[in-house]
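Scroll down for the structure; my scribbles are underneath it.
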Number of protein chains: 2
Amino acid sequence: MNSGRFAISVHILTLLAFSGDEWTPSEYLAGSININPVLVRKELSNLRERGLVLSKEGKSGGSRLAKPADKLFMSEVYGAVKQKDLLGKGINSPNPDCPVGRKINDHLDNLYGDAEKTLLASLGKMSLAEFCKKFE
Amino acid sequence: MNSGRFAISVHILTLLAFSGDEWTPSEYLAGSININPVLVRKELSNLRERGLVLSKEGKSGGSRLAKPADKLFMSEVYGAVKQKDLLGKGINSPNPDCPVGRKINDHLDNLYGDAEKTLLASLGKMSLAEFCKKFE
DNA sequence: TTGTACTGTAATAATAAAAGTTACAGTATG
DNA sequence: CATACTGTAACTTTTATTATTACAGTACAA
């Protein structure tokens with residue numbers, strides 16, 4: 001997975017959760033996270049594809065949650081930002097003449113798959129609403 | 001965590017497990033993984049610090065497992081290569097004037113900590129010996 | 001006692017990935 | 001039609017990873 005994207009997405013969603021049904025502009029989000037608004041918009045674009053947020057263009061536009069915060073789970077955020085395998089890539093081009101090299105990536109994939117299932121189960125226990133409560 | 005290091009370490013340990021009490025040179029390991037021997041030696045150096053392998057210098061030297069493969073668990077390998085947080089860094093410099101920005105990193109840390117505990121529990125179920133059986 | 005086959009590690013270069021920036025077209029509101 | 005937004009492409013900068021070179025140190029074995 002990509003280093004800071006999970007954190008940025010959670011931060012965005014937390015702010016949107018606190019904004020309720022207001023349309024929050026990306027400049028505002030960028031100000032709290034302290035990163036470039038374009039990065040925020042890229043992340044919003046990704047969250048939108050995953051059905052986690054809605055955006056509205058034009059004046060007085062912005063973004064808001066696409067569903068109530070108690071129906072939105074950290075496992076969904078993980079799924080939205082995940083690109084790489086949890087534990088990193090496998091071996092780039094293992095030696096096919098070696099019995100271990102030949103099969104290592106398949107076995108690593110299984111291991112990673114199992115680990116990820118466990119992780120998703122753990123993240124699935126925390127809703128955005130619950131996460132937001134911690135700020136009170 | 002660092003992208004391919006977990007895979008490289010598991011690959012190394014698997015090869016060493018198959019070599020039993022032979023001292024295996026890093027050139028041989030590098031050949032199966034198909035990476036530079038210096039990288040292998042760096043990884044070995046790290047695994048050695050963690051007490052997972054032993055190395056012997058000089059002619060007919062090399063490395064071997066520091067303990068039986070059925071006493072060595074994937075959670076130890078994870079611990080050995082882990083540098084970054086599982087889900088990436090927190091937010092670099094969140095805005096301290098925003099109630100969310102001010103506390104987001106603490107709350108993310110907790111979330112990451114819980115997720116990691118779960119992951120370690122999952123990886124702790126797989127011993128190196130068990131992993132090696134898959135190659136037979 | 002010397003050549004050889006290793007390890008260990010520093011320094012550096014090459015490559016790739018992530019983050020930040022600029023620029024600008026498009027859209028809704030008032 | 002001016003304004004305040006989004007959306008996205010293109011580019012630059014920064015940082016992380018991977019690879020390479022170089023060489024000192026160690027143990028074995030003839």
Side-chain angles (χ1 to χ4, degrees), chain A residues 1-9 11-12 15-16 19 22-31 33-50 52-64 66 81-85 87-95, chain B residues 1-9 11-12 15-16 19 22-31 33-50 52-64 66 81-85 87-95:
Chain A
M1 120 173 267
N2 203 326
S3 57
R5 291 186 51 211
F6 182 81
I8 290 173
S9 285
H11 198 149
I12 290 173
L15 292 167
L16 294 184
S19 299
E22 303 273 296
W23 295 100
T24 307
S26 59
E27 292 279 349
Y28 173 82
L29 301 170
I33 308 177
N34 198 24
I35 58 173
N36 196 288
V38 175
L39 266 187
V40 173
R41 297 209 278 266
K42 278 182 193 164
E43 231 30 79
L44 282 168
S45 161
N46 181 50
L47 294 170
R48 202 158 52 235
E49 276 174 27
R50 292 303 190 118
L52 302 186
V53 304
L54 301 171
S55 302
K56 190 179 142 194
E57 293 191 347
K59 192 171 180 177
S60 85
S63 302
R64 44 168 297 179
V81 301
K82 173 192 151 96
Q83 303 180 315
K84 318 193 238 185
D85 274 329
L87 298 172
K89 331 178 235 230
I91 303 295
N92 258 343
S93 51
N95 184 346
Chain B
M1 121 174 265
N2 203 324
S3 58
R5 289 187 53 209
F6 181 81
I8 291 174
S9 285
H11 198 148
I12 290 173
L15 292 166
L16 294 183
S19 299
E22 302 273 297
W23 295 100
T24 306
S26 59
E27 291 279 350
Y28 173 82
L29 301 171
I33 308 176
N34 198 25
I35 58 172
N36 196 288
V38 176
L39 266 187
V40 173
R41 297 209 278 266
K42 276 185 193 159
E43 231 30 81
L44 282 168
S45 161
N46 181 50
L47 294 169
R48 204 160 49 235
E49 275 175 26
R50 292 302 190 119
L52 303 186
V53 304
L54 301 171
S55 302
K56 189 180 143 192
E57 293 191 346
K59 192 170 181 178
S60 84
S63 300
R64 46 167 297 176
V81 301
K82 173 191 151 97
Q83 304 181 312
K84 319 192 236 188
D85 273 329
L87 298 172
K89 330 178 234 230
I91 304 294
N92 259 342
S93 51
N95 184 344

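Basis for what follows: all heavy atoms, side chains included, without hydrogens, waters or symmetry-related copies. Numbered from 1 within each chain, the chains take letters A, B, ... in sequence-line order.
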Whole-Å gap separating C1' (D:dC28) and CH2 (B:Trp23)
14 Å
Name the nucleic acid region contacted by A:Lys42, choosing base, sugar-phosphate or nothing; use a 4.0 angstrom heavy-atom cut-off, strictly under.
base
Would you call B:Leu39 and B:Ile33 a side-chain contact if the rule is heavy atoms closer than 4.5 Å?
no
Atom NZ of B:Lys56 and atom P of C:dT4 are separated, to the nearest Å, by 20 Å
Set of side-chain contact (heavy atoms from CB on, under 4.5 Å) partners for A:Asn34, sequence neighbours left out
B:Ser93
Identify, with sequence neighbours excluded, every residue that meets side-chain contact (heavy atoms from CB on, under 4.5 Å) alongside A:Lys59.
none
Regarding the side chain of A:Arg5, the nearest nucleotide among C:dA19, D:dA9, D:dC5 is C:dA19
For a quick check of understanding: with a heavy-atom distance under 4.0 Å over all strands, which category does A:Leu44 fall into, base, sugar-phosphate or nothing?
nothing
Measure the distance from CD1 on B:Ile8 to C1' on D:dA19 and round it to the nearest whole Å.
11 Å
Nearest to the side chain of A:Ser55, which nucleotide is it out of C:dT7, D:dC28, D:dG7?
D:dG7
Rounded distance (Å) that lies between atom P of C:dG20 and atom CG of A:Leu29
15 Å
Grab the CG-C1' distance between A:Asn36 and D:dA10 for me, whole Å please.
14 Å
Can you list the residues that meet the side chain to side chain donor-acceptor pair (under 3.5 Å) rule with A:Asn46, with sequence neighbours excluded?
none
With a 4.5 Å cut-off on side-chain heavy atoms, are A:Val40 and A:Asn36 touching?
no
Taking CD from B:Glu43 and C1' from D:dT18, how many angstroms apart are they, rounded to a whole number?
12 Å
Side chain to side chain donor-acceptor pair (under 3.5 Å) partners for B:Ser19, two or more places apart
B:Thr24
Between A:Ser60 and A:Arg48, name the one whose nearest nucleotide on DNA chain D is closer to the 5' end.
A:Ser60
Using the closest heavy atom to pick a nucleotide of DNA chain C for each, name whichever of A:Pro37 or B:Gly62 lands nearer the 5' end.
B:Gly62
For a quick check of understanding: with a heavy-atom distance under 4.0 Å over all strands, which category does A:Ser63 fall into, base, sugar-phosphate or nothing?
nothing
With a 4.0 Å cutoff (strictly under), does any side-chain N or O of A:Ser45 reach OP1 or OP2 of D:dT6?
no
Rounded to whole Å, CZ of A:Arg64 lies from P of D:dT6 at a distance of 15 Å
Close N or O pairs between protein and nucleotides 23-26 of chain D (under 3.5 Å):
from   : atom 1 : to      : atom 2 : distance (Å)
D:dT26 : O4'    : B:Glu57 : OE1    : 3.0
D:dT26 : O2     : B:Gly58 : N      : 3.3

A:Ile35 has a side chain; which of C:dG20, C:dT9, D:dA19 sits nearest to it?
C:dG20
If you look only at pairs with a residue in residues 37-49 of chain A, which of them pass as a salt bridge (Lys or Arg N to Asp or Glu O under 4.0 Å), with sequence neighbours excluded?
A:Arg5-A:Glu43
If I take atom CG in residue A:Leu39 and atom P in nucleotide D:dG7, what distance separates them, rounded to the nearest angstrom?
15 Å
